[in-house]
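Along the sequence shown, residues carry numbers from 1.
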Amino acid sequence: MKTMRKVEVVTDILNANDQIAQENAATLKAHGILSVNLMASPGAGKTSLILQTARALNGRLRLGAIEGDVASRVDADKVAAAGIPVVQINTGGACHLDAPMIRQALRALPLDEIDLLIVENVGNLICPVEFRLGEALRVMIASVPEGHDKPYKYPGIFTAVEAVVINKMDLAPYVEFDLTALREAIRGMNRDAAIFEVSCRTGEGIGEWAEWLWGQWQARRAPSAR
């Protein structure tokens with residue numbers, strides 16, 4: 001009986017979150033914003049990818065960001081220094097962002113001055129997947145030093161995303177890493193996910209990733225998508 005009550009409470013929390021996520025999605029759509037929920041392990045390169053994306057788009061899309069961390073505003077300061085409007089969310093220990101947090105952050109952003117909003121979720125590969133934020137796209141980063149077997153250890157996140165960015169490709173010659181095995185594992189779980197091989201340090205592959213985002217934004221601006 002105790003187990004059943006626990007399941008009911010969790011279901012209620014997720015249902016309430018999903019309702020607010022739908023409201024967030026409506027707000028973002030009304031402002032013509034493409035929103036991306038960026039998920040990854042700590043240190044995989046989420047903030048670096050945001051900064052490299054801004055450089056690669058070179059003004060074609062106006063970026064905004066929401067930075068999620070347990071504590072500090074280190075990443076938000078880096079993004080703000082690049083001239084990108086940003087709001088920091090400190091969860092105080094929670095392992096993920098949720099829709100109410102995003103709703104509050106949206107109120108602090110200049111939504112009419114943003115085309116692409118990247119939400120940097122709290123760094124882990126499990127909890128963020130359970131909570132929709134109102135995003136249009138879910139993207140994860142799998143960095144080379146983490147190894148090529150991550151899809152088998154954390155299948156949930158690999159099946160939930162529209163794209164996987166394989167970062168730190170410049171380190172591939174120096175660590176035990178099998179790119180073919182990683183790509184095959186991703187394809188085995190998610191046939192439709194776009195896969196990008198990049199290095200946020202050297203800029204390798206960032207252009208292709210940025211062009212994909214540009215295409216996603218344009219597709220949602222088409223009359224049939226409104």
Query raised in the report: Same cluster or not: are V139 and W214 linked, directly or through other Ile, Leu, Val, Met, Phe, Trp or Tyr residues, by side-chain heavy atoms under 4.5 angstrom apart?
Result: yes

Requested in this report: Dump the intermediate steps for side-chain contact (heavy atoms from CB on, under 4.5 Å) on L57 and L63, then the final yes or no.
Outcome: CA-CA 9 Å; L57 287 170; L63 261 66; 3.7 Å; yes

Query raised in the report: Does some side-chain heavy atom of I50 sit less than 4.5 Å from a side-chain heavy atom of E67?
Result: yes

Query raised in the report: Under 3.5 Å, side chain of R220 to main-chain N/O of K29, donor-acceptor pair present?
Result: no

Query - Non-hydrogen atoms of A65 and V79 that approach each other most closely - result: CB-CG1, 4.0 Å

Report task. Flag the pair L133 / N121 as yes when at least one side-chain heavy-atom distance between them is below 4.5 Å, and no otherwise. Result -> yes

Query raised in the report: Where do L117 and L106 land on the side-chain contact (heavy atoms from CB on, under 4.5 Å) test, with the steps shown first?
Result: CA-CA 10 Å; L117 176 66; L106 292 178; 3.7 Å; yes

**Report entry** Chi angles and distances behind the side-chain contact (heavy atoms from CB on, under 4.5 Å) call for F177, E146
**Finding:** CA-CA 9 Å; F177 177 74; E146 296 176 74; over 6 Å; no

Query - Minimum heavy-atom distance between I157 and M140, given as atom pair plus value - result: CG2-SD, 3.8 Å

Requested in this report: Answer yes or no: is there a donor N or O on one side and an acceptor on the other, between the side chain of R221 and the main chain of W217, under 3.5 Å?
Outcome: no

Requested in this report: Please step through side-chain contact (heavy atoms from CB on, under 4.5 Å) for the pair L49 and I141, ending with a clear verdict.
Outcome: CA-CA 9 Å; L49 185 64; I141 301 175; 3.9 Å; yes

Report task. Return yes if some donor-acceptor pair links the side-chain N/O of E162 with the main-chain N/O of A193 below 3.5 Å, else return no. Result -> no

Requested in this report: Scan for salt bridge (charged side-chain N to carboxylate O under 4.0 Å, His left out) pairs involving residues 171-195, sequence neighbours excluded, and state none if there are none.
Outcome: R183-E197

Query raised in the report: Can you list the residues that meet the side chain to side chain contact (heavy atoms under 4.5 Å, CB included) rule with D69, with sequence neighbours excluded?
Result: D75, Q88, N90

**Report entry** Minimum heavy-atom distance D170-S199, with the two atoms named
**Finding:** OD1-OG, 2.7 Å

Report task. Using a 4.5 Å cut-off on heavy atoms from C-beta on, say whether the side chain of I186 contacts that of F158. Result -> yes

Query raised in the report: Are any non-hydrogen side-chain atoms of P128 and L97 less than 4.5 angstrom apart?
Result: no

Requested in this report: Quick one: do D18 and R132 satisfy salt bridge (Lys or Arg N to Asp or Glu O under 4.0 Å)? Show the steps, please.
Outcome: CA-CA 6 Å; D18 287 349; R132 300 300 307 218; over 6 Å; no

**Report entry** Side chain N124, main chain C127, donor-acceptor under 3.5 Å
**Finding:** yes

Query - salt bridge (Lys or Arg N to Asp or Glu O under 4.0 Å) between E211 and R60, worked out - result: CA-CA 10 Å; E211 288 302 317; R60 279 188 292 170; 2.5 Å; yes

**Report entry** Considering all heavy atoms, the nearest M189-T159 contact
**Finding:** O-CG2, 3.6 Å

Query raised in the report: Is the shortest heavy-atom distance from the side chain of K153 to the side chain of D149 under 4.5 Å?
Result: yes

Query - V119 side chain reached by L38 side chain, heavy atoms, under 4.5 Å - result: no

Report task. Could you check whether the rings of W209 and F196 sit parallel, tilted or perpendicular, using 30° and 60° as the cut-offs? Result -> perpendicular

**Report entry** H31: partners by side-chain hydrogen bond (donor to acceptor under 3.5 Å, both in side chains), with sequence neighbours left out
**Finding:** D112

Query raised in the report: Who are the side chain to side chain contact (heavy atoms under 4.5 Å, CB included) partners of P110, not counting sequence neighbours?
Result: P85, E113, I114

Query raised in the report: Is there side-chain contact between M39 and V161, with at least one heavy-atom pair below 4.5 Å?
Result: yes

Query raised in the report: Are L28 and V36 in one and the same hydrophobic cluster, where Ile, Leu, Val, Met, Phe, Trp and Tyr link if side-chain heavy atoms are under 4.5 Å apart?
Result: no

**Report entry** Residues in side-chain hydrogen bond (donor to acceptor under 3.5 Å, both in side chains) contact with R73, at least two apart in sequence or another chain
**Finding:** D77

Requested in this report: Report yes or no: does E204 contribute a side-chain atom to a donor-acceptor pair with the main-chain N or O of T202 at less than 3.5 Å?
Outcome: no

Query - Taking every non-hydrogen atom, the tightest pair across A56 and A210 - result: CB-CB, 3.6 Å

Query raised in the report: Should L182 and P151 count as side-chain neighbours, where that means a heavy-atom distance under 4.5 Å?
Result: yes

Report summary line: Output for pair (Q216 CD, S35 OG), nearest 0.5 Å, gives 11.5 Å

**Report entry** E208 side chain to W212 side chain, donor-acceptor N/O pair below 3.5 angstrom
**Finding:** no

Query raised in the report: Should the pair D115-R62 be classified as a salt bridge under the 4.0 Å nitrogen-to-oxygen rule?
Result: yes

Query raised in the report: Do the side chain of N37 and the main chain of E135 share a donor and acceptor less than 3.5 angstrom apart?
Result: no

Report summary line: Taking every heavy atom of A136 against every heavy atom of L34, the minimum-distance pair comes out as CB-CD1, 3.8 Å

Query - With P100 via side chain to side chain contact (heavy atoms under 4.5 Å, CB included) - residues at least two apart - result: N17, I20, D98

